Engineer: 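Here it is: the structure, laid out below.
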Amino acid sequence: QVQLVESGGGLVQAGGSLRLSCAASGRTFSGGRMGWFRQAPGKERQFVAAIGRYPYYADSVKGRFTISRDNANAKNTAYLQMNNLKPEDTAVYYCAADPRSLYSSDYYASPHRYDYWGQGTQVTVSS
């Protein structure tokens, strides 16, 4: 059974930092993609960042967020370092993973291109 478990969310003031982690188990995603999406109340799920052959970011987080993978763990752990957080970054952040070696922008950024999802972790940025 595949599981994705997120951790690291919390409450932070604007300008602060948080680091999210996503640990996958049950299968390897070393040849595929792991990504982060977020969903604020009343809004659709939104792409944040993903990593496969290379990292890929939403324009709204470029220069502030960095996605990485733990190469020592069959690339089954992904991290999202979030710096200079803004109140508009407040949302539930979801980890997603897909084992397929497909790397177009659509495969990185579209939620329906991911087969596995975590339960989400709340990030709240106060002004």
Side-chain angles (χ1 to χ4, degrees):
Q1 182 180 358
V2 176
Q3 281 191 316
L4 303 181
V5 179
E6 302 105 331
S7 61
L11 172 65
V12 65
Q13 288 188 331
S17 298
L18 284 173
R19 188 190 194 211
L20 305 183
S21 299
C22 172
S25 61
R27 70 170 300 164
T28 180
F29 296 98
S30 59
R33 290 157 286 112
M34 294 187 75
W36 291 94
F37 292 77
R38 65 188 181 188
Q39 189 165 18
K43 296 189 176 181
E44 292 186 354
R45 193 164 294 191
Q46 177 187 48
F47 170 71
V48 176
I51 188 164
R53 283 184 181 168
Y54 50 84
Y56 189 78
Y57 298 96
D59 287 343
S60 60
V61 306
K62 280 181 183 176
R64 300 189 298 123
F65 292 10
T66 302
I67 189 170
S68 60
R69 294 175 83 159
D70 181 356
N71 291 327
N73 187 28
K75 298 185 178 181
N76 263 24
T77 301
Y79 304 95
L80 186 69
Q81 177 66 43
M82 304 186 295
N83 297 330
N84 190 22
L85 282 160
K86 303 176 181 180
E88 52 263 42
D89 294 318
T90 295
V92 177
Y93 282 69
Y94 296 92
C95 177
D98 191 85
R100 294 169 290 179
S101 301
L102 298 166
Y103 303 115
S104 70
S105 58
D106 179 61
Y107 277 93
Y108 274 107
S110 298
H112 66 278
R113 298 297 190 187
Y114 291 82
D115 284 348
Y116 303 100
W117 291 84
Q119 293 298 308
T121 185
Q122 177 70 45
V123 171
T124 303
V125 184
S126 63
S127 56

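For clarity, every value in this text was computed on a predicted model and none was experimentally measured.
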Engineer: Any chance you could pull the hydrophobic cluster mates of Leu11, using side-chain heavy atoms under 4.5 angstrom and chaining through other members?
Structural biologist: none
Engineer: Please, which pairs that meet disulfide (SG to SG under 2.5 Å) have at least one residue in residues 32-65, sequence neighbours excluded?
Structural biologist: none
Engineer: Considering non-hydrogen atoms only, spot the tightest contact between Ile67 and Tyr57 and give its length.
Structural biologist: N-OH, 2.9 Å
Engineer: What residue pairs, at least two apart or across chains, pass salt bridge (charged side-chain N to carboxylate O under 4.0 Å, His left out) with a residue in residues 103-114?
Structural biologist: Asp106-Arg113
Engineer: Please collect all salt bridge (charged side-chain N to carboxylate O under 4.0 Å, His left out) contacts where either partner lies in residues 85-95, sequence neighbours excluded, each pair once.
Structural biologist: Arg38-Asp89, Arg64-Asp89
Engineer: Applying side-chain hydrogen bond (donor to acceptor under 3.5 Å, both in side chains), name anything that partners Asn83, two or more places apart in sequence or on another chain.
Structural biologist: Ser17, Gln81
Engineer: Among pairs that include at least one residue of residues 3-31, which meet salt bridge (charged side-chain N to carboxylate O under 4.0 Å, His left out), considering only residues two or more places apart or in two chains?
Structural biologist: none
Engineer: How far apart are the closest heavy atoms of Arg33 and Gly52, and which atoms are they?
Structural biologist: CG-CA, 4.2 Å
Engineer: What residues form a side-chain contact (heavy atoms from CB on, under 4.5 Å) with Val123, not counting sequence neighbours?
Structural biologist: Leu18, Leu20, Met82, Tyr93, Val125
Engineer: Show your reasoning for whether side chain to side chain contact (heavy atoms under 4.5 Å, CB included) applies to Asp115 and Phe29.
Structural biologist: CA-CA 11 Å; Asp115 284 348; Phe29 296 98; over 6 Å; no
Engineer: Could you pull out the closest heavy-atom pair between Ala14 and Pro87, with the gap in Å?
Structural biologist: CB-CD, 4.1 Å
Engineer: Taking all atoms of both residues into account, what is the closest heavy-atom pair of Ala24 and Leu4, and its distance?
Structural biologist: CB-CD2, 3.3 Å
Engineer: Linking directly or through intermediates, with side-chain heavy atoms under 4.5 Å: list the remaining ILVMFWY members grouped with Phe37, chain and number order.
Structural biologist: Phe47, Tyr54, Tyr56, Val92, Tyr94, Tyr103, Tyr108, Tyr114, Trp117
Engineer: Please name all residues satisfying side-chain hydrogen bond (donor to acceptor under 3.5 Å, both in side chains) with Gln122, sequence neighbours left out, ordered by chain then number.
Structural biologist: Thr124
Engineer: Once salt bridge (Lys or Arg N to Asp or Glu O under 4.0 Å) is applied, do any residues pair with Lys43, and if so which ones, sequence neighbours excluded?
Structural biologist: none
Engineer: For the residue pair Met34 and Ala97, what are the closest heavy atoms and their distance?
Structural biologist: CG-CB, 4.1 Å
Engineer: Sequence neighbours left out, what pairs pass disulfide (SG to SG under 2.5 Å) with at least one residue falling in residues 98-127?
Structural biologist: none
Engineer: Between Asn76 and Ala23, is there a donor-acceptor pair closer than 3.5 Å when you use the side chain of the first and the backbone of the second?
Structural biologist: no
Engineer: Using every non-hydrogen atom in the two residues, find where Ser101 and Gly31 come nearest and quote the distance to one decimal.
Structural biologist: OG-O, 2.7 Å
Engineer: Going by the salt bridge (charged side-chain N to carboxylate O under 4.0 Å, His left out) test, which pairs reach into residues 48-62, not counting sequence neighbours?
Structural biologist: Asp59-Lys62
